[in-house]
Engineer: 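Sharing a structure, written as structure tokens. Questions coming.
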There are 2 protein chains.
Amino acid sequence: MTEAATNTTTPRYPIGDLARQTGTKVQTIRYYESIGLLPQPARTAGNQRVYGQDQLDRLGFIKHARDFGFPLDAIRELLDMTDRPAASCVEADEIVRRHLGEVRRRIGRLQALEGELGRMLESCSHGTVADCRAINVLSDHEKCCATSHEPVETIPYRAPD
Amino acid sequence: MTEAATNTTTPRYPIGDLARQTGTKVQTIRYYESIGLLPQPARTAGNQRVYGQDQLDRLGFIKHARDFGFPLDAIRELLDMTDRPAASCVEADEIVRRHLGEVRRRIGRLQALEGELGRMLESCSHGTVADCRAINVLSDHEKCCATSHEPVETIPYRAPD
DNA sequence: CTTGAACCTACAGTCGCTGTAGCTCCCATA
DNA sequence: TATGGGAGCTACAGCGACTGTAGGTTCAAG
Ligand SMILES: [Zn+2]
Ligand SMILES: [Zn+2]
Ligand SMILES: [Zn+2]
Ligand SMILES: [Zn+2]
């Protein structure tokens, strides 16, 4: 009974199954473990990782949240909240709101950029490099329609402190 | 005469002046030198870098192009073109077009994300974590409006090969 | 028993910087 | 001319979120 129950209630996946089922790469799973985002799983006699359903769910959450663009530290906070299901979700919503704000800020910056780049291309007569509108605008901010340039973020969602 | 001419025609800036005039950080200038984006400048007897007008212009170009979000390897190509001013600007325009395409792709992905995140927040009744719409959507792609998730780019502008 | 896929650890590389430690240099003022 | 302090120097680690590689071990099918 104990054995049968154990077998049916706790499936044991090797890391490759976890990867396939969640769409994550094997290395990424090990990376998440190394930074403490996933707990250390059980191991076989031969030292290979074996996961249960809860780990699969947890990784699924992480993957889905990453698909939404949440940075890992936000995901860590969200996971902590799922461990306290009776608590208020205000904090969770706040994390989502912050992320949404960041996404909107990024959209704004990129749209400004889109305008600038489009104008560059439109107004170039496509002759020599010396006459190239794009090259000339880049050489000289005076020729530039933007009065200033907001930095385009290269690192994902970290708001500037 | 030689001295006077030299003094007036070739100003010699220390690295800090270059940084101030272009809005770049000193370390960034040294980094650009280390990756070969800026040539090695002259040095004083005490081994300190001294720059001339051409270096200042080159760094200005790099800074401005970075403000437009161009990745460094694209900037490298654009700088190579400014050394051949009589050549056709087709290649330069192509680089700009590629970048514009990338910017538009990013905007698209972020707008999809914006919609998803907005819906999450709107449809949450702000009760417990267990009932939180955001947490539940993240826990289960079935509850998710998106049929699939395009990855949100974390690394700038490099098109997937 | 053999093969080969899957797994293991450890570490380097990506991109574009930024920050730090521990020096040396330069210039203005006293 | 001495001195103080700001500016410069090299070298290296760290960021975020992985990805790739080398060189080995384990496991399950045939
Ligand atoms: Zn052109
Ligand atoms: Zn400009
Ligand atoms: Zn909520
Ligand atoms: Zn989904």
Side-chain angles (χ1 to χ4, degrees), chain A residues 12-38 40-51 59 62-77 99 102 106 151-161, chain B residues 12-38 40-51 59 62-76 99 102 106 149 151-161:
Chain A
R12 310 183 86 229
Y13 309 110
I15 196 169
D17 283 11
L18 221 70
R20 258 183 307 281
Q21 295 211 54
T22 58
T24 321
K25 297 206 173 170
V26 166
Q27 290 107 306
T28 306
I29 298 175
R30 287 197 283 247
Y31 168 70
Y32 288 161
E33 182 187 328
S34 80
I35 60 166
L37 200 59
L38 284 173
Q40 296 192 349
R43 300 278 185 141
T44 65
N47 200 36
Q48 306 204 322
R49 290 168 179 83
V50 236
Y51 297 92
L59 181 56
I62 296 169
K63 177 58 163 57
H64 207 197
R66 283 297 294 141
D67 288 342
F68 278 91
F70 286 95
L72 293 184
D73 55 1
I75 295 175
R76 205 185 293 264
E77 291 181 61
H99 183 43
E102 188 52 43
R106 283 153 58 81
V152 174
E153 303 239 325
T154 59
I155 302 282
Y157 323 102
R158 280 195 55 90
D161 330 330
Chain B
R12 312 183 85 232
Y13 308 110
I15 197 168
D17 283 12
L18 220 68
R20 259 183 305 282
Q21 296 211 55
T22 58
T24 320
K25 298 205 173 171
V26 166
Q27 291 108 304
T28 305
I29 300 176
R30 288 197 281 247
Y31 168 71
Y32 287 161
E33 182 187 327
S34 80
I35 59 165
L37 201 58
L38 284 173
Q40 296 192 349
R43 300 278 186 142
T44 64
N47 200 36
Q48 303 200 260
R49 290 169 179 82
V50 237
Y51 296 92
L59 181 57
I62 295 169
K63 177 59 163 58
H64 206 197
R66 282 298 294 143
D67 288 343
F68 277 91
F70 286 95
L72 293 185
D73 54 2
I75 296 175
R76 206 186 292 265
H99 183 43
E102 189 52 40
R106 283 154 60 82
H149 299 282
V152 173
E153 304 240 325
T154 60
I155 302 283
Y157 330 114
R158 277 199 53 92
D161 332 328

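Below, chain A is the first sequence line, B the second, and so on; all start at residue 1.
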Engineer: Kindly say if A/Thr44 contacts the phosphate of D/dC27, meaning a side-chain N or O under 4.0 Å from OP1 or OP2.
Structural biologist: yes
Engineer: Could you tell me how far apart A/Lys25 (NZ) and C/dC7 (C1') are, to the nearest whole angstrom?
Structural biologist: 17 Å
Engineer: Heavy atoms under 4.0 Å, any strand shown: does B/Arg49 hit a base, just sugar-phosphate, or nothing?
Structural biologist: sugar-phosphate
Engineer: Can you tell me the distance, in whole Å, between the CG atom of B/Leu18 and the P atom of D/dC9?
Structural biologist: 11 Å
Engineer: Would you tell me if any nitrogen or oxygen in the side chain of A/Tyr32 comes within less than 4.0 Å of OP1 or OP2 on D/dA17?
Structural biologist: no
Engineer: Ignoring hydrogens and angles, tell me if any N or O in the side chain of A/His99 forms a donor-acceptor pair with the backbone of A/Phe68 under 3.5 Å.
Structural biologist: yes
Engineer: Find which nucleotide of DNA chain D each of B/Gly46 and A/Gly46 is nearest to by heavy atoms, and output the residue with the more 5' nucleotide.
Structural biologist: B/Gly46
Engineer: Start with the C-alpha gap between A/Ile35 and A/Arg76, add the side-chain angles, then the distance that decides, and say whether side-chain contact (heavy atoms from CB on, under 4.5 Å) holds.
Structural biologist: CA-CA 11 Å; A/Ile35 60 166; A/Arg76 205 185 293 264; 4.0 Å; yes
Engineer: Which whole-number value in Å describes the distance from B/Arg43 CZ to C/dC26 C1'?
Structural biologist: 16 Å
Engineer: Whole angstrom is fine here: how far is it from OH in B/Tyr31 over to P in C/dT20?
Structural biologist: 19 Å
Engineer: Base, sugar-phosphate alone, or nothing: which one does A/Ile15 contact when heavy atoms must sit under 4.0 Å apart?
Structural biologist: sugar-phosphate
Engineer: How close or far is atom P of C/dC17 from atom CG of B/Asp67, stated in whole angstroms?
Structural biologist: 10 Å
Engineer: Would you indicate, yes or no, if C/dG16 has its OP1 or OP2 atom less than 4.0 angstrom from a side-chain nitrogen or oxygen of B/Thr28?
Structural biologist: no
Engineer: Whole angstroms only, please: what is the CG-C1' distance between B/Leu37 and C/dC17?
Structural biologist: 13 Å
Engineer: Heavy-atom nearest nucleotide on DNA chain D for A/Gln27 versus A/Asn47: which residue maps closer to 5'?
Structural biologist: A/Gln27
Engineer: Side chain of A/Arg30, heavy atoms from C-beta onward: which of D/dA17, D/dG20, C/dC7 has the nearest atom to it?
Structural biologist: C/dC7
Engineer: When you measure from the side chain of A/Thr22 to the backbone N and O of A/Leu18, does any donor-acceptor pair fall under 3.5 Å?
Structural biologist: yes
Engineer: If you check the A/Arg66 side chain, which of D/dA17, C/dT9, C/dC7 turns out closest?
Structural biologist: D/dA17
Engineer: Please report the distance, rounded to the nearest Å, between CG in B/Leu38 and C1' in C/dG16.
Structural biologist: 14 Å
Engineer: Between D/dA28 atom C1' and A/Gln48 atom CD, what is the distance in whole Å?
Structural biologist: 11 Å
Engineer: Taking all atoms of both residues into account, what is the closest heavy-atom pair of B/Ala19 and B/Val26, and its distance?
Structural biologist: CB-CG2, 3.8 Å
Engineer: Quick one: does A/Arg66's side chain have a donor or acceptor within less than 3.5 Å of a partner on A/Phe70's backbone?
Structural biologist: yes
Engineer: Under 4.0 Å, heavy atoms only, any strand: does A/Arg20 hit a base, just the sugar-phosphate, or nothing?
Structural biologist: nothing
